[in-house]
2 protein chains.
Amino acid sequence: MASIKDVARDAGVSSQTVSNYFNNPSIVTVKTKAKVEKSVQKLGYIPNASARRLRNQRSYTLAVGIAPSGYSQIFDPLLHALVSEADNHGLRIMLYKTDSKTDEIRQFKSLVSGGDVDCFILTDTVYDDPRITWLTSHNQAFVLFGRPWGQETDRDSSTAWVDVNGRLGIADVTRHLIVTGHRRIGFLGWPDPSGTGSDRRSGWEDAMLTAKLASKDELKSLQIESEDNIRAGQLACQKLLRKHPDLDAIVCVSDTLATGAHTFLRQDCHIDITGFDNNSSAQSLGFISLEQPSSEIAHELVRIAIEKISEIEHGTVHADLQSQHVLLTPRIVHG
Amino acid sequence: MASIKDVARDAGVSSQTVSNYFNNPSIVTVKTKAKVEKSVQKLGYIPNASARRLRNQRSYTLAVGIAPSGYSQIFDPLLHALVSEADNHGLRIMLYKTDSKTDEIRQFKSLVSGGDVDCFILTDTVYDDPRITWLTSHNQAFVLFGRPWGQETDRDSSTAWVDVNGRLGIADVTRHLIVTGHRRIGFLGWPDPSGTGSDRRSGWEDAMLTAKLASKDELKSLQIESEDNIRAGQLACQKLLRKHPDLDAIVCVSDTLATGAHTFLRQDCHIDITGFDNNSSAQSLGFISLEQPSSEIAHELVRIAIEKISEIEHGTVHADLQSQHVLLTPRIVHG
DNA sequence: CTGTTAGCGCATTCAC
DNA sequence: GTGAATGCGCTAACAG
C-alpha cells in the first residue's frame with residue numbers, strides 16, 4: 001500500500017529519485033541509493049502495477065487462451081513453465097477463454113482495446129487462421145505455440161512460432177528401437193488430417209526407410225489410425241496385431257494410445273511400446289516416451305514475445321527471422 | 001486505442017457523460033445514450049483497463065496459483081470454467097507460480113503490493129496453512145478450492161471455501177453398485193494421510209455399513225492403498241483380488257487407479273470398476289465415474305470471491321457465513 | 001441531467 | 001545528480 005511518495009518522504013528525497021532508483025539506477029548516487037534502498041525495505045514498497053501500466057502504455061502481461069475441451073494444447077507443465085519464465089522478466093500471464101475462433105477474436109478486441117495485453121500466445125493454429133489475420137492487421141504482437149499447419153507461403157515468415165520437432169523425436173525413438181534389436185515396428189497414429197500427427201508419423205517412416213526395414217508400401221500396412229483415447233488404442237493395437245502378428249514393437253503417436261496398446265498387450269508380452277509426452281501413464285507403466293521440453297518452450301515463447309512487443313513498439317522488424325521460428329527437440333525418456 | 005475523450009468529442013458530449021454511460025447509465029438521458037452508443041460503436045471504444053484500475057484501486061483480477069508438478073489441484077476444465085465465469089463478471093484470471101508455500105507468500109506480497117490482484121483462489125490448503133495466516137493478517141481477500149483438512153476450529157468459519165463432496169459421491173456410486181446387484185465391493189484408495197482420500201473412502205464405508213454388507217472389521221480388509229498411478233493401481237488390484245477372489249466390484253478413489261484396475265482385469269472380467277473425475281480414460285474404457293461439477297465450482301468460487309472483495313472494501317462481514325462454505329455434489333457418469 | 005475540477009501512482013520531460 | 005512540473009485514462013465529487 002506504500003506509494004512512491006511514502007518512500008520518498010521516508011528516505012528524504014523526491015519521488016522522482018525513487019523512480020530513478022528503479023528505472024534508471026545508474027544516475028543515482030550511491031549514497032542516495034542506500035537511503036532509498038533502506039526505505040524501500042522498511043516500507044515493503046512495490047511499484048503499483050496499474051499506475052506503471054497506465055504511464056507506460058504497456059500491460060506487462062502475456063495472454064494465453066484456454067479451450068473448453070479438457071484437452072487443450074497448452075498442457076499443465078507448460079503453463080507452469082510459462083508463468084515461471086514470464087515472472088523472470090517481470091511479466092504476468094493472463095488467461096482468456098477461446099470457445100471458438102470467432103469468440104477468440106472478440107476476446108482479442110476487448111483485451112487489446114482495454115490495454116490488458118501486450119502479446120498473445122496462440123495454440124492450435126492453422127494456415128490462414130482468422131486469428132492471425134486479425135492480429136496482424138491490428139498490429140498486435142503474438143507468438144504461436146505449434147507451427148501453423150497447411151500450405152506454407154512467404155507471408156508466414158513473419159509469423160513467429162515455437163514448436164516441438166515430433167518428426168525428429170519419433171525418428172529418434174524408432175532408431176532406438178532398431179538399435180536395440182527390433183525389426184518389425186508398427187505405428188499407431190491419429191487419423192488425418194492432423195498436422196502434428198502426420199509430422200510424427202513421418203519420423204517413424206524416415207527411420208524405417210533409412211534402416212531398410214520396410215518399403216513404402218509396407219509402411220502403409222504397418223500403421224493404423226485411432227482416435228486419441230485408451231479404448232480406441234487398445235482396439236487399434238489388436239487390429240494391427242491381427243494383421244501383423246510378428247510385430248516386435250509399436251511406436252505410438254501419443255501416450256494415450258501407447259497406454260491403450262500397453263494395457264492391451266499386458267506385461268507378459270514381448271512387444272515394446274513407445275509413446276509421446278511422458279505423462280504419468282508412461283511413467284507408471286514404464287514404456288518409452290518423448291518429453292516435451294516445457295521449460296525451453298516457455299523460454300523461447302517468452303523471449304520471442306518480448307521481441308515482438310519491442311518490434312511493435314518501435315515499429316521495426318530488427319529481429320533475425322530465423323530466431324523466431326524455433327523447433328525444439330523432445331527428449332527420450334526410458335520407462 | 002480510442003479514449004473516452006475521443007468518444008466524448010465524437011458524440012458531442014463531455015467525457016463524464018461517457019463515463020456515466022458505462023458506470024451509471026440510469027442518470028443519462030435516453031437521447032444522450034443513443035449518441036454515445038453510436039460513437040462507442042463507431043470507434044470501437046473499450047475503456048482502458050489500467051486507467052480504470054488505477055482510478056478505482058481495484059485490479060478486477062483473480063489470481064490462481066499453479067503448481068510445478070504436472071498434477072496441480074486446478075484441473076483443466078475448472079480453469080476454463082473459472083475464466084469463463086470470471087469473464088461474465090468483468091474479471092480476469094491471472095496465474096502465479098507456487099513452487100512452495102513460502103515462495104507462494106512471496107508472490108502474494110508482490111501481487112498485493114503491486115495492486116495486481118483483488119482476490120486469490122487457493123488450492124491444496126491444510127489446517128494452519130501459512131498462506132491463510134498471511135492473507136488474513138494482511139486483510140486480503142481469498143477463497144479456497146478444497147476444504148482445509150485437519151483439525152477444525154471456530155477460526156475456520158471465516159475462511160471461505162468451495163469443495164466437492166467426495167464422501168457423498170462415493171457413497172452414491174457404491175449404492176448404485178449395490179442396487180444393481182453387487183455385494184462384495186472392495187475399495188482402492190490413496191495412502192494416508194490424505195484428507196480427500198479419507199473423505200472419499202468414508203463414503204464407501206458409509207454405504208457398505210448401512211447396507212450391512214460388511215462389518216467394520218471386514219471393511220479394513222476389503223480396502224487397499226495405492227499411489228495414484230496406473231501401474232500401482234494394477235498391482236493393488238491384483239493384491240486385493242488375491243485376498244478377496246470373490247469381489248464383484250471395486251470402488252476406486254480416482255480414475256487413475258480405476259484405469260489401473262480396469263486394465264488389469266480386462267474386458268472379459270465380471271468385476272465392475274468405478275472411478276472419480278470422469279477423465280478421458282473413464283470415458284474411453286467405459287467405467288462408471290464421478291464428474292466434478294466444474295461450472296458450479298467456478299460459479300461459486302467467483303461468487304464468493306466477489307463477496308470477499310466487497311467485504312474487504314467496506315470492512316464489513318455482511319455475508320451469510322454458510323454461503324461461503326459450499327459443498328457441491330459430483331455427478332455419477334455411467335460409462 | 002450535464003460539464004468542470006481533481007487526483008489515483010508513476011515516469012518522462014525539463015530546470016537547477 | 002537531483003527536484004519540480006505534466007499527463008497517461010478514467011471516475012468520484014461537485015457545481016451548473
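Contact between the side-chain N/O atoms of B:Thr17 and the OP1/OP2 oxygens of C:dG3 is found at a separation under 4.0 Å. For B:Thr29, a side-chain nitrogen or oxygen approaches OP1 or OP2 of C:dT2 to under 4.0 Å. Taking only side-chain nitrogens and oxygens, B:Thr32 comes nearer than 4.0 Å to OP1 or OP2 of C:dT2.
You can see that DNA chain D meets the heavy atoms of chain B within a 4.0 Å-exclusive cut from D:dG9 to D:dA12, reading 5' to 3'.
One interatomic measurement links the two molecules: CG of B:Asp116 to C1' of C:dG9, which rounds to 14 Å at whole-angstrom precision. Counting to the nearest Å, the P atom of C:dA11 and the CD1 atom of A:Ile27 are 13 Å from each other. In this entry the distance linking NZ of B:Lys35 with P of C:dC1 reads 14 Å, nearest Å. When rounded to the nearest whole Å, the span between CG of A:Asn56 and P of C:dA11 equals 6 Å. In this structure, A:Arg58 atom CZ and C:dC10 atom P are separated by 17 Å, rounded to whole Å. Computed from coordinates, the B:Lys5 NZ to C:dT5 P distance equals 12 Å when rounded to whole Å. When rounded to the nearest whole Å, the span between CD1 of A:Ile4 and P of C:dC10 equals 5 Å. Whole-Å rounding puts the A:Arg52 CZ to C:dC8 C1' distance at 16 Å.
Side-chain contact check for B:Asp118 and B:Ser59: at least one donor-acceptor pair (N or O, by modelled atom type) lies under 3.5 Å. Remark: the A:Glu311 side chain and the A:Gln324 side chain contain an N/O donor-acceptor pair separated by less than 3.5 Å. For A:Gln16 and A:Ser14, the side-chain atoms include at least one donor-acceptor pair closer than 3.5 Å.
The aromatic rings of A:Trp161 and A:His325 sit parallel, their planes meeting at an angle under 30°, below the 60° perpendicular limit.
Looking at B:Lys101 and B:Glu104, no side-chain N of the basic residue comes within less than 4.0 Å of a carboxylate O on the acidic one, giving no salt bridge.
As judged by a 4.0 angstrom heavy-atom cut-off over every strand, B:Tyr45 is placed among residues touching the sugar-phosphate backbone only. Residue A:Ser3 is classed as a sugar-phosphate contact, given heavy-atom separations below 4.0 Å to backbone atoms only. When heavy atoms are screened at a 4.0 angstrom cut-off, B:Gln16 is found touching base atoms of the nucleic acid.
Annotation: of the two residues near DNA chain C, B:Val28 and B:Leu54, the 5′-most nearest-nucleotide partner is B:Val28.
Note that NZ of B:Lys109 is 6.5 Å distant from NE2 of B:His138, once rounded to the nearest 0.5 Å.
At least one donor-acceptor pair closer than 3.5 Å links the side chain of B:Asp129 to the backbone N or O of B:Val126.
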